[in-house]
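Here the structure comes first, spelled out in structure tokens, and everything after it is commentary.
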Amino acid sequence: MAEYAVELRNVWKRFPGPGGEVVTAVRDVSLKIADGEFFALLGPSGCGKTTSLRMIAGFELPTEGEVFLHGRPMGRTPPFQRPVNTVFQSYALFPHMTIGENVAFGLQMKKVDRQEVQRRVGEALEMVRLSGYERRKPKQLSGGQQQRIALARALVNRPEVLLLDEPLGALDLKLRKEMQLELKKLQREVGITFIFVTHDQEEALTMSDRIAVMEGGVALQVGDANDIYEHPNCRFVADFIGETNFLDGVVGALEPGKARVDAAGGVSLWAHTPQPVTPGQKVTVTIRPEKMHIRPTATDVNLLSGRVTDVVYIGTDTHYGVTLAGGQTIRVREQNYSAESRLLAREGEPVSVRFAIEAARVLTE
Amino acid sequence: MSSTKRSPWLTLTALLVYFFLYAPIIVLIVFSFNASRTNVVFEGVVNQGPCGPFYWYCQLFRNRDVMEATRNTLVIALTSTFFSTIIGTMAALALQRFDFFGKNAAETSLYFPIVTPEIVMGIGILVLFSAAFGWINAALALAPNQRLTMGLGTVIISHIAFSIPFVTLVVRARLHGFDNRLEEAAMDLGANELTTFRKVTLPLIAPGVLAGAMLAFTLSLDDFIITFFTTGPGATTLPIYVYGLLRRVVTPEVNALSTIWILVVLVVVGISQWFQTRE
Ligand SMILES: Nc1ncnc2c1ncn2[C@@H]1O[C@H](COP(=O)(O)OP(=O)(O)OP(=O)(O)O)[C@@H](O)[C@H]1O
Ligand SMILES: [Mg+2]
């Protein structure tokens, strides 16, 4: 059956603002998340990630639209009757209970018998490699350990879906990287659907099967890491994921699948058109720095002349800043793959920047 | 810290503060063993009857009026503490959790009685009760023995009323900084509202609730003014009784009573301290 673990269908959430105005936190979001998927909700602060997650958990009810869990409409089902569990950003471990009692809480609520509870709590603690910590209080654990307990407390219930709200936000960088891999591995093992909220694009790219990029309450694009990086559907997504260049211009000539875009200062280039455009339309072209090259003698279709304004050597790559005739500055990244990588241009020198038509994408919004 | 030189003036001030706080209590306790019937001069330790130095204490326990006043005081204090703690805690939770129209006004007016002079409250309550009772008695044409009058009931109701804001204030302080996520986490793990309250909310705010209850209890125990206005026949409390004695002669019996009273309060405060530090 083509049934999704979680589906959001045209979900809206409006809050009353402090001054009596209406704050729209989530705007017409539709998402389909498959069983066993590691799905990330990615976006800047305040874009509605937490609110979306809280509507799935049942802490908030949608103003409009419906949330489905395995095809069942959730309606006004309270959180304690939904087959999902949450790992909170602040962990929210019960401070007055021991680690063992914390992890056992969900099972006790389900009236699982005593021995079974003990066995599964033991298993869960083993899974997060914290066996033998049952008697401790949350305060006596480090941040990373608390994070793992929060995970164990949720996973021990074997939920259909696990919701994680920036669970690694409070950890230092090294621990964070470790936990990212660990979490990914764990998800593979247990096979539970994970919905992971983060504002860190690198984290989303490393961990998830698919990503929804959100902004201003709207889910702008949904796709896997490669898709989102290579085929962004709007300026925001292209900008938010990785580094990129933008050139604003007007559509000149059209050919199937590509268009000539004329930018300021006589700068003109051919770019791939994923969406239909019409001549004279104002558009933006995005080109990733690593897809452009500096070769003084090349004869590609797309050849932009400019002057080098800065050179940054960082070992694996060299970054060049190039100012074009229209005053636009673009960044070009050259990989230093040969044994004796040399500088391709110096500051102040005139250069030509070349790139394939497919490397440049026309964005209409 | 220990290496900082202490100012002798500071030490002296501290000692004086303690002296003025505790000297009256010590004198009071000493005089409860006085051989003289008056509280003016100490004529040595009493040694009379089977109780020896505790003569006045034994006299006290033989005094029917004292025993009745004690019983009344405890009944009033325990009942009013029970109800005001529940109502006050619920009010604190509601103020913490919900946003509603006129919330600020509701909160301010809740705390207003704390700063209102007690005498004003006392008179207000008296007027309210007499008016209400007069109206009800007349409306129902009750026989003289059935009429609503001032008594234990009115004292308890007024004590509940003046204790609620104090309980709410103390519980609110405890709730400040309470992480709502903890309740959400409990519900997320399958606990319904009631179980969440029992297993998570209540244990976490218990020290505040207990402190509020203790405050309500001690406030009720030694309340004079409001009780004075709302009491009736057969509802004499200890403060009212002692006040009555003072108008005649202050025997060491009063001191003995006060000494026991202090001990009880000491124990109650001790218990509440123990509960709070245990957490
Ligand atoms: N209970 C609420 N009442 C009013 N406004 C709210 C409420 N919850 C969220 N909002 C608003 O909705 C918007 C989205 O909030 P949300 O918490 O979902 O953002 P987020 O993407 O999780 O951000 P962050 O990365 O900072 O956690 C914000 O503008 C926020 O101010
Ligand atoms: Mg958030």
Exercise for review: Among the options M187(B), E193(B), E184(B), pick out the one with the most heavy-atom pairs lying under 4.5 Å from chain A.
Suggested key: E184(B)

Exercise for review: Against chain B, label L107(A) side chain, backbone, both or neither, depending on which of its atoms sit under 4.5 Å from a heavy atom there.
Suggested key: neither

Point to revise | D188(B) portion near chain A, given a 4.5 angstrom heavy-atom threshold | key: both

Review point. What pair of heavy atoms forms the shortest contact from R54(A) to R181(B), and how long is it?
Key: NH1-NH1, 3.4 Å

Review point. Do the non-hydrogen side-chain atoms of L182(B) and P95(A) ever get within less than 4.5 Å of each other?
Key: yes

Study note, to complete from the structure: Pair count under 4.5 Å, heavy atoms only, with chain A: among V200(B), D179(B), T196(B), highest is V200(B)

Point to revise | More than 12 heavy atoms of other groups within 6.0 Å of F100(B) CZ | key: yes

Review point. Say you draw a straight line from NZ of K199(B) to NE2 of H96(A); how long is it, rounded to the nearest 0.5 Å?
Key: 9.0 Å

Review point. What do you reckon, is CD of E116(A) surrounded by more than 12 foreign heavy atoms closer than 6.0 Å?
Key: yes

Check your understanding: So, do F59(A) and N180(B) sit near enough that their side-chain heavy atoms are less than 4.5 Å apart?
Key -> no

Revision key, fill the gap. For A191(B) and F105(A), the nearest pair of non-hydrogen atoms, with its separation, is CB-CE2, 3.9 Å

Exercise for review: Measure E183(B) against the heavy atoms of chain A and call it side chain, backbone, both or neither at under 4.5 Å.
Suggested key: neither

Check your understanding: Just wondering, are more than 12 heavy atoms of other shown residues or ligands nearer than 6.0 Å to CZ in F178(B)?
Key -> yes

Review point. Which bit of S90(A) is near chain B, if near means a heavy-atom gap under 4.5 Å: side chain, backbone, both or neither?
Key: side chain

Review point. Near K32(A) NZ, under 6.0 Å, is it more than 12 heavy atoms from other residues, nucleotides or ligands?
Key: no

Point to revise | Most chain B-contacting option - heavy-atom pairs closer than 4.5 Å, from M97(A), R153(A), Q108(A), Q89(A) | key: R153(A)

Check your understanding: So which part of F94(A) gets closer than 4.5 Å to some heavy atom of chain B, the side chain, the backbone, both or neither?
Key -> both

